[in-house]
Amino acid sequence: MTSLHSSPGGRRPLIGCTTYRKQVGQLNVVGVNAPYTQAIIAAGGIPVLVPLCLDEAAWRQVFDRVDGLLLPGGGDIDYWRYSKELQAELRGIDQERDELELALTQTAVTEQKPFLAICRGHQVFNVAMGGTLWQDVQSQMPGADKHDFRTPYPRNHIAHQVEIEPDSKIAHYWPGRSAAVNSIHHQGVRDLAPGLVVTARSEDGLIEGIEAPDHPFAIGVQWHPEAMYQDDRAMLALFEGLVNVSANGSK
Ligand code: MN
């Protein structure tokens, strides 16, 4: 198999990466935390940011032109998308982002477009397919360990282990049965969506990896590989998997 890295003049897969919105002083910024884009580039792909505010006809055109998608981390999905009841304090709700990412994910599943879903993205993946979330893992899930290692912890802080399911797609990109991962989340997958499978769990039993088994690459991880790939080569392999499968699908 030809390495993407060895053919700088060759066509490199375009990976559409969804974005957040943030008010910074007078500026209304749409963007993404740079390590996501750097990890895609390090894996041989070209990140293409997908801004909010696109109507369906517009995001559909972006979807058709990119070879794969990356759904990054971010604020909480609003509770009504998966539950009747608000049960915990939610953070960083953005209806427009929920709308766009849920629609993109459903389309990517239906049309077999490769995607990697990270943290919030992993939760979006589950909700898009009909699953539910713990609105706050710490206060709702019995026996939960601490998962919310925000500042002052560095983003590559090793928080806990996950056990990888050996018969899963993610296991193809992982050297062992377990992984030491970071953990920067207060929500988590509660009821798994129909048709998805669990591929990784933390020691307290929380679902930390999911995938669609009949899909070339539909993988969700609760941890943040983009903040760890410089320390741990296996984390980059997830992005390389996304880029390589995206390249194959686009020929
Ligand atoms: Mn965790």
Side-chain angles (χ1 to χ4, degrees), residues 20 33 35-36 39 70-77 79 82-83 87-92 101 105 115-129 131-166 168-171 173-193 196-211 218-239 241-242:
Y20 64 76
N33 194 26
Y36 294 106
L70 187 136
L71 300 164
D76 295 340
I77 303 159
Y79 75 94
Y82 59 87
S83 168
Q87 296 162 328
E89 192 186 330
L90 304 187
R91 310 165 183 173
E101 291 186 334
T105 306
F115 67 93
L116 176 61
I118 294 174
C119 194
R120 167 192 160 89
H122 160 83
Q123 297 165 10
V124 166
F125 182 15
N126 190 52
V127 171
M129 303 310 291
T132 68
L133 303 181
W134 297 108
Q135 293 181 21
D136 181 71
V137 170
Q138 200 79 62
S139 59
Q140 290 190 299
M141 183 180 131
D145 294 331
K146 178 176 167 64
H147 287 268
D148 197 359
F149 287 85
R150 290 171 194 277
T151 313
Y153 294 95
R155 288 180 68 82
N156 62 350
H157 174 75
I158 301 289
H160 59 73
Q161 298 283 319
V162 291
E163 210 43 44
I164 307 282
E165 179 55 52
S168 60
K169 279 217 171 63
I170 195 177
Y173 306 103
W174 215 265
R177 279 291 304 275
S178 67
V181 301
N182 52 1
S183 190
I184 316 168
H185 60 105
H186 85 106
Q187 297 199 313
V189 168
R190 186 172 186 165
D191 301 307
L192 185 69
L196 301 187
V197 295
V198 174
T199 58
R201 279 186 197 270
S202 50
E203 293 128 312
D204 57 7
L206 182 65
I207 296 171
E208 293 248 349
I210 59 175
E211 62 193 37
I219 290 179
V221 293
Q222 183 59 75
W223 63 94
H224 281 272
E226 85 289 352
M228 298 184 73
Y229 75 93
Q230 287 173 335
D231 310 328
D232 183 345
R233 186 67 182 68
M235 298 289 175
L236 186 61
L238 277 181
F239 293 94
L242 170 69

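Please read all numbers here as calculations on a predicted model, not as lab measurements. One-based numbering, in listed order, for ligands and for the atoms of each. Only heavy atoms go into these numbers, but all of them, side chains included; no hydrogens, no water, no symmetry mates.
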NZ/NE/NH1/NH2 to OD/OE distance under 4.0 Å, D148 and K146: no
Partner residues of R190 under the side-chain contact (heavy atoms from CB on, under 4.5 Å) criterion, sequence neighbours left out: Q87, T132, W134, Q140
Evaluation steps, side chain to side chain contact (heavy atoms under 4.5 Å, CB included), between H122 and W223: CA-CA 9 Å; H122 160 83; W223 63 94; over 6 Å; no
Heavy-atom pair with the smallest gap, counting every atom of R120 and G75: NH1-O, 3.0 Å
Distance criterion under 2.8 Å: protein N/O/S atoms around the Mn ion (ligand 1): 5
Test item: side-chain donor near acceptor, D136 and H186, under 3.5 Å: yes
I164 backbone acceptor or donor facing R177 side chain under 3.5 Å: yes
